[in-house]
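Take a look at the structure set out below.
Note that the structure is a prediction, hence the values are computed from the model and not measured. Every chain is numbered from 1 and lettered A, B, ... according to where its sequence line falls, protein lines coming before strand lines.
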Number of protein chains: 2
Amino acid sequence: MDVCQPYNVNAAECPSRAVLEHVTSRWGVLVLALLLDEESLRFGELRRTISGISEKMLAQTLQTLERDGFVHRAAHAVIPPRVDYSLTDLGREAAAHVWQLARWVERRLPDVREGQERYDRDRAAAR
Amino acid sequence: MDVCQPYNVNAAECPSRAVLEHVTSRWGVLVLALLLDEESLRFGELRRTISGISEKMLAQTLQTLERDGFVHRAAHAVIPPRVDYSLTDLGREAAAHVWQLARWVERRLPDVREGQERYDRDRAAAR
DNA sequence: CCGAATCCTCAAAGATACTG
DNA sequence: CAGTATCTTTGAGGATTCGG
């Protein structure tokens with residue numbers, strides 16, 4: 001009932017912890033979310049849609065997710081090259097979970113912001 | 001239906017994105033998980049239970065979660081100082097979601113590891 | 001005992017240039 | 001087009017010190 005026995009979380013020593021970081025990482029979340037409702041996308045399409053991502057980080061993120069078995073990579077032997085990315089069944093499950101969490105955060109965002117403002121106000125008043 | 005309109009994810013420009021990172025961060029996950037089934041813990045108890053965390057990161061994580069309204073901080077005016085941390089209702093919801101994701105990852109870990117091994121084997125063979 | 005403040009390091013992210 | 005290779009930069013995180 002815990003992530004790596006007694007909450008020891010050195011990712012290198014904790015496989016599930018590493019995978020969790022892959023799917024919740026800055027770009028991982030977005031790649032999963034995007035593929036979840038687009039079904040299949042090319043490298044360039046992902047790059048253009050996810051504003052701000054570098055080629056390096058996109059390639060790295062896709063490789064990690066592919067290695068974990070969440071993303072399927074279909075390289076077509078044509079010129080110019082064409083590579084399509086899509087979710088595997090496992091990846092669709094992962095994406096659904098992550099997406100659910102992301103949506104909860106968005107739903108509750110008003111409450112969170114209210115809390116933040118009170119916190120900041122209280123701390124400002126204490127000075 | 002998306003995290004910050006067109007998948008733009010600069011955390012500074014995207015409040016929900018920032019909050020998502022708080023709850024899925026390396027230490028945030030553990031603090032939430034721990035408080036979820038311990039109800040209330042002191043600073044030192046958290047520090048000792050989460051092996052590997054530094055005081056700085058624990059303090060920082062707790063402050064962030066408190067500011068978001070997920071964690072309640074009860075400082076008792078005694079000597080030596082005593083501070084108890086617990087989850088708010090909002091925090092309990094957040095923790096439950098994060099925890100559900102973490103448990104899914106752990107359940108599916110065997111599948112992931114199998115995929116990783118095949119991936120590594122295939123890439124090694126290609127050399 | 002619970003932190004705040006400071007300094008420091010090293011790994012991850014970005015920028016750039018290049019290739020099959 | 002879809003990456004890889006290399007270099008630089010940034011900032012999260014750790015170590016240490018200090019104080020209430």
| message | If you assign each of A/Pro80 and A/Ala59 to its closest nucleotide in DNA chain D, which residue comes earlier from the 5' end? | response | A/Pro80
| task | Could you tell me the separation between the CE atom of B/Met57 and the C1' atom of D/dG11, rounded to a whole number of Å? | result | 11 Å
| For B/Gln60, which contact category applies under a 4.0 Å heavy-atom criterion: base, sugar-phosphate, or nothing? | nothing
| Gap between atoms CG and P, on B/Leu58 and C/dA4 respectively (whole Å) | 11 Å
| said: Determine whether a donor-acceptor pair (one donor, one acceptor, N or O, separation below 3.5 Å) exists between the side chain of A/Lys56 and the base of C/dA13. | reply: yes
| message | Below the 4.0 Å mark, does D/dC1 have OP1 or OP2 next to a side-chain nitrogen or oxygen of A/Tyr85? | response | no
| Atom pair distance, as rounded to whole Å: CD1 in B/Ile53 and P in C/dC2 | 14 Å
| request: Kindly say if A/Trp27 contacts the phosphate of C/dG14, meaning a side-chain N or O under 4.0 Å from OP1 or OP2. | output: yes
| Rounded to the nearest Å, what distance is computed from the CG atom of residue A/Leu62 to the C1' atom of nucleotide D/dT4? | 14 Å
| Should the pair A/Arg17-A/Glu21 be classified as a salt bridge under the 4.0 Å nitrogen-to-oxygen rule? | yes
| note | Whole-Å distance, A/Glu55 CD to C/dC18 C1', equals 11 Å
| request: Grab the CG-P distance between A/Leu46 and D/dA2 for me, whole Å please. | output: 9 Å
| query | Does the side chain of A/Tyr119 come within less than 4.5 Å of B/Gln63's, by heavy atoms? | reply | yes
| field | N or O in side chain of B/Arg26 less than 4.0 angstrom from D/dA12 OP1/OP2 | value | no
| task | Tell me what B/Arg42 touches on the nucleic acid: a base, only sugar-phosphate, or nothing, going by heavy atoms under 4.0 Å. | result | sugar-phosphate
| query | Taking atom P of D/dC1 as reference, at what distance in whole Å does atom CZ of A/Arg48 sit? | reply | 7 Å
| Using 4.0 Å as the upper bound for N to carboxylate O, is an ion pair formed by B/Glu55 and B/Arg47? | yes
| query | Going through the distances and angles, do A/Arg82 and A/Asp84 end up as a salt bridge (charged side-chain N to carboxylate O under 4.0 Å, His left out)? | reply | CA-CA 7 Å; A/Arg82 174 187 181 99; A/Asp84 291 311; 3.2 Å; yes
| request: May I have the distance from A/Leu41 (atom CG) to D/dC1 (atom C1'), rounded to whole angstrom? | output: 15 Å
| said: Check this for me: does any side-chain nitrogen of one of A/Asp120 and B/Arg67 sit under 4.0 Å from a carboxylate oxygen of the other? | reply: yes
| field | Options D/dG14, C/dC2, D/dT4, nucleotide nearest the side-chain atoms of B/Phe43 | value | C/dC2
| said: Once you apply a heavy-atom cut-off of 4.0 Å, does B/Gln63 come out as touching a base, just sugar-phosphate, or nothing? | reply: sugar-phosphate
| Counting side-chain heavy atoms from C-beta on, which of C/dG3, D/dG3, C/dG14 comes nearest to A/Arg73? | D/dG3
